[in-house]
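This report refers to the structure that appears directly beneath it.
Everything numeric here is computed off the predicted structure, so don't read it as measured data. First listed ligand is number 1; within each ligand, the first listed atom is number 1.
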Amino acid sequence: MPRRYGCLVSQALKIDEQRLQSEIDALALISENPPPVVTRILFSEADTRGRAFVEKLAQDAGLSARQDAAGNIFMRWQGENPNLPAVATGSHIDGIPNAGKLEGVVGVLGAMEAIRALKRSGFKPKRSVEVIVFTSEEPTRFGIGCVGSRLLAGMLSAEKAAALKDRDGRTLEDFRKKAGWNGSLSSVRLPQNCYSGFVELHIEQGPILDQEKIPIGIVERIAAPSALRLELTGVGGHAGGTLMPGRRDALLAGAEIALAVENAALNSGSPDTVATTGVFRIEPGAVNSVPCKAHLEIDLRDTQARTRDAALAQIEQSVPEICERRGVQYELERIATDAPVTCDPRFVDLIAAICSKLNLPFKRMISRAYHDSSFMAQICSTVMIFIPCRNGWSHRPDEYSSPEHIKTGVSVLAHTLASLSSSA
Ligand SMILES: [Zn+2]
């Protein structure tokens, strides 16, 4: 029988927004760059200190912390029935170069304040509640995002993860050992439904809530990217001496493919399909020379696997057809195909009910960026709560959400955790 969730809303729950703001500001100072710039790259000194900062807060809040072999940190508030699968929340504290102080952080420090507020209100959870700090949500060091949550969900193998290399050729395995993250990476994977649910609080990183002046977004679906890399080899020659019949122009093959990419997205049948040829380099790149080589990188996203995969297949079919017709050789590689996510509709409805009881306007929406939630959703029911950020700006030092909006998001998160952790 599907589990039902009662909606618990308590006026006794008070968020300490000043304390939370001061913690956000303190963590922002732990950065590789002077304020207001926040840069915390995996395995940097700032990343290590940021982790210690969060673990200290967990200790002060009476949570027990453990870390897995991939550096994911789990901070647990023991429930009355510790044998029931716990409810999890959390996000990440790593930040790309030249980032702001909120992205990811709101979901970690906000979760900590949500738990403190629940404790202060006298609430006792049936299920345990865990705050997770995921390792390397940002792809800065290893070129792949969500390393920690991919490993937890079994979407990245331990062997592949260990062999990930940064720009200087240093592997994750080397870094990990030096950082004292003991144990085998293959121990990181979690079993299906080891959590009864996962909720991530995050800034929207888009302009909709800010423009429409709505304090809460409830994410129903998370779009997922897939990426292709394409090398085209034609035949070069003098722009004057090579007559048009029989040319094997790599750029023209690439141009036709770029149009096929656009076409695949336009005709997918879903308004959420977006496809971009974001990289297109040619050689030799001289005005009087027929291009002999082209390098293309293609990004394709959708909120539904069916339409995304159909568009992907259409692009992959058009490549040999175009290249054969133009006498151009090709190498086509799928770099990534992550799965789009449908959030648990019961969680979406629960948060909507909480917002209604709290008299908060809300909007059901789509996340067009992917998050650790994308991977947690592979092992348990998942949902995301969005708060507005000014102009939709993110990944820049002037990223901003008002203290009021942060407080509101934490309050909704706290009520969601209370409801989920009370369910039998
Ligand atoms: Zn994030």
Side-chain angles (χ1 to χ4, degrees), residues 20 23-24 27-28 30-31 37-42 44 46-47 50-51 54 70-73 88-112 114 131-153 155 198-210 216-219 221-225 301 336 338 340-341 343 365-378 382-401 405-406 409-410 413:
L20 175 56
E23 287 169 356
I24 290 172
L27 181 52
I30 303 176
S31 164
V37 176
V38 176
T39 302
R40 266 193 308 270
I41 298 168
L42 176 67
S44 67
D47 180 55
R51 287 163 173 275
V54 174
N72 295 306
I73 304 169
T89 181
S91 195
H92 60 101
I93 60 162
D94 66 325
I96 64 163
N98 212 35
K101 62 183 177 183
L102 298 179
E103 209 267 291
V105 166
V106 165
V108 173
L109 299 187
M112 209 74 87
V131 182
I132 309 177
V133 182
F134 297 97
T135 290
S136 195
E137 195 268 348
E138 303 293 358
T140 315
R141 184 171 296 279
F142 293 117
I144 175 175
C146 297
V147 172
S149 50
R150 278 178 202 273
L151 280 162
L152 288 176
M155 308 298 282
F198 177 73
V199 193
E200 183 173 5
L201 173 66
H202 209 281
I203 63 169
E204 183 199 338
Q205 301 182 284
I208 297 170
L209 294 175
D210 187 44
I216 293 292
I218 311 173
V219 176
R221 294 198 301 274
I222 308 172
R301 295 171 190 235
D338 291 326
V341 165
C343 293
M365 55 197 307
I366 287 168
S367 170
R368 298 193 185 274
Y370 73 97
H371 299 280
D372 292 307
S373 284
S374 307
F375 300 96
M376 290 305 283
Q378 311 302 323
T382 292
V383 73
M384 293 188 78
I385 301 166
F386 275 175
I387 58 168
C389 55
R390 187 172 59 196
N391 302 328
W393 291 342
S394 180
H395 283 189
R396 44 191 280 180
D398 51 4
E399 176 182 86
Y400 177 81
S401 296
H405 283 143
I406 295 173
V410 172
L413 174 65

- Item | Pairwise distance OG1(T382) to CE(M376) - rounded to 0.5 angstrom | 6.5 Å
- For the Zn ion (ligand 1), does an N/O/S atom of H202 lie at less than 2.8 Å? yes
- Query: What distance separates S367 OG from E200 CD, expressed to the nearest 0.5 Å?
  - Reply: 9.0 Å
- Item | Option among Q378, M384, H371 that satisfies the side-chain contact (heavy atoms from CB on, under 4.5 Å) test with V341 | Q378
- Item | Donor-acceptor pair between R150 and S136 side chains, under 3.5 angstrom | no
- Decide, counting backbone as well as side-chain atoms, whether D372 has an N, O or S atom less than 2.8 Å from the Zn ion (ligand 1). no
- Name of whichever N/O/S atom of E103 is nearest to the Zn ion (ligand 1): OE2
